[in-house]
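Here the structure is a predicted model, which is why all the values come from computation and not from measurement.
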Amino acid sequence: MASTQISYIAENVQLPQLNREAVAAWIEAVAANHEKRVGALTYIFCDDEYILATNRQFLQHDYYTDIITFDYSNRRRISGDMVISLDTVRSNAEQFAKTYKSELLRVIIHGVLHLCGINDKGPGEREIMEQHENEALAIVPTNIFEV
């Protein structure tokens with residue numbers, strides 16, 4: 001586990017209260033299920049305005065989203081930056097009648113699954129991504145929110 005480096009940054013929000021060791025173990029388990037190892041990951045938790053600016057600057061998309069994943073992976077070692085709007089996570093949780101915590105975990109692992117090579121934009125890919133998200137959520141450590 002020494003090779004796993006997960007950084008957490010807050011932009012205009014408070015960092016979510018997460019057990020970082022439990023998060024790292026969970027991400028490593030999910031990556032291993034996809035025959036990947038975990039390298040340097042950075043989670044940038046932000047508000048809607050920050051992710052909108054990021055979306056416009058780097059992807060030329062003019063809309064809000066819950067996560068943007070920048071993939072720096074190299075073969076079997078996943079690495080990347082994941083920008084997560086906590087505002088959108090909260091509104092999606094309300095829209096889909098989920099808890100904020102469960103939606104936050106879904107988005108956290110969604111970025112990891114992208115780094116593992118799973119896409120969600122093409123025909124049928126959204127359902128495949130949801131299946132992998134559900135499998136990952138089924139193995140979340142029970143102490144993930146114990147700080």
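Between Val107 and Ile67 the shortest heavy-atom distance is O-CD1, 3.4 Å. Smallest separation of non-hydrogen atoms from Ile139 and Ala29: CD1-CB, 4.1 Å.
Shown here are the side-chain contact (heavy atoms from CB on, under 4.5 Å) partners of His34, two or more places apart in sequence or in another chain: Val30, Lys36, Leu113, Cys116, Ile118, His132. Partners of Ser91 under the side-chain contact (heavy atoms from CB on, under 4.5 Å) rule, at least two apart in sequence or in another chain, are Thr88.
Between the CD1 atom in Ile78 and the OH atom in Tyr72 there is a gap of 14.0 Å [rounded to 0.5 Å]. Within the model, atoms CD of Glu103 and CD1 of Ile108 stand 10.5 Å from one another, a figure rounded to the nearest 0.5 Å. Within the model, atoms CG of Asp48 and CG of Asp66 stand 10.0 Å from one another, a figure rounded to the nearest 0.5 Å. Separating the CD atom in Glu125 from the CD1 atom in Ile128 is a distance of 6.5 Å, to the nearest 0.5 Å. Between Thr54 atom OG1 and Glu49 atom CD the span is 11.0 Å, to the nearest 0.5 Å. Rounding to the nearest 0.5 angstrom, the gap separating the CG atom in Leu59 from the CD1 atom in Ile68 is 5.5 Å.
You'll find the side chain of Asn19 stays beyond 4.5 Å of the side chain of Pro141, heavy atoms only. Put simply, the side chain of Leu41 reaches to within 4.5 Å of the side chain of Leu115, judged on heavy atoms. Side-chain contact check for Lys98 versus Asn92: every heavy-atom pair is 4.5 Å or farther apart. A 4.5 Å side-chain heavy-atom check between Leu137 and Ser102 finds every atom pair outside the cut-off. The shortest side-chain heavy-atom distance between Phe145 and Val140 does not fall under the 4.5 Å cut-off. Side-chain contact check for Leu105 versus Trp26: some heavy-atom pair is nearer than 4.5 Å. Residues Lys121 and Asn119 fail the side-chain proximity criterion, which asks for heavy atoms closer than 4.5 Å. With a 4.5 Å cut-off on side-chain heavy atoms, Leu52 and Asp62 count as touching.
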Item to complete: Go through Tyr63 and Asn55 one step at a time and tell me if the side-chain hydrogen bond (donor to acceptor under 3.5 Å, both in side chains) criterion holds.
Response: CA-CA 7 Å; Tyr63 53 82; Asn55 218 359; 4.7 Å; no

Fill in: Stepwise side-chain contact (heavy atoms from CB on, under 4.5 Å) test for Asp87 and Tyr64
CA-CA 10 Å; Asp87 292 339; Tyr64 298 101; over 6 Å; no

Practice prompt. Apply the test side-chain contact (heavy atoms from CB on, under 4.5 Å) to residues His114 and Met129: give CA-CA distance (whole Å), side-chain angles for both, the deciding distance (0.1 Å), then the verdict.
Written response: CA-CA 9 Å; His114 273 309; Met129 174 63 84; 3.7 Å; yes

Discussion item. Does Ser73 form a side-chain hydrogen bond (donor to acceptor under 3.5 Å, both in side chains) with Asp71? I'd like the steps, not just the answer.
Written reply: CA-CA 6 Å; Ser73 300; Asp71 189 349; 2.7 Å; yes

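Note: Phe58 and Phe70 have perpendicular aromatic rings, judged against thresholds of 30 and 60 degrees for the angle between ring planes.
Checking Val83, Ile84, Leu86 one by one against Cys46, the side chain to side chain contact (heavy atoms under 4.5 Å, CB included) holds for a single residue, Val83.
Using modelled atom types, no side-chain atom of Arg56 and backbone atom of His61 make a donor-acceptor pair closer than 3.5 Å. At distances below 3.5 Å, not a single donor-acceptor pair connects side-chain atoms of Thr42 with backbone N or O atoms of Ser7.
Around the CD atom of Glu35, the shell of radius 6.0 Å holds no more than 12 heavy atoms that belong to other residues, nucleotides or ligands. Residue Gln14 qualifies as open at atom CD: its count of foreign heavy atoms under 6.0 Å is 12 or below.
Taking hydrophobic clusters as Ile, Leu, Val, Met, Phe, Trp and Tyr residues chained together by side-chain heavy-atom distances below 4.5 Å, Ile109 shares a cluster with Val89. Met82 and Leu104 fall within the same hydrophobic cluster, where Ile, Leu, Val, Met, Phe, Trp and Tyr residues are linked whenever their side-chain heavy atoms come under 4.5 Å apart, directly or through other members. Under a hydrophobic-cluster definition in which Ile, Leu, Val, Met, Phe, Trp and Tyr are linked whenever side-chain heavy atoms come within less than 4.5 Å, directly or via other members, Tyr43 and Ile144 are assigned to the same cluster. Tyr100 is connected to Tyr8 through a chain of hydrophobic side-chain contacts under 4.5 Å among Ile, Leu, Val, Met, Phe, Trp and Tyr, so both are in one cluster. Residues Phe45 and Ile9 are members of separate hydrophobic clusters, defined by side-chain heavy-atom contacts under 4.5 angstrom among Ile, Leu, Val, Met, Phe, Trp and Tyr.
The stretch residues 133-147 participates, sequence neighbours left out, in these side-chain hydrogen bond (donor to acceptor under 3.5 Å, both in side chains) pairs: Arg106-Glu133, His110-Glu133, Arg126-Glu133, Gln131-Glu135.
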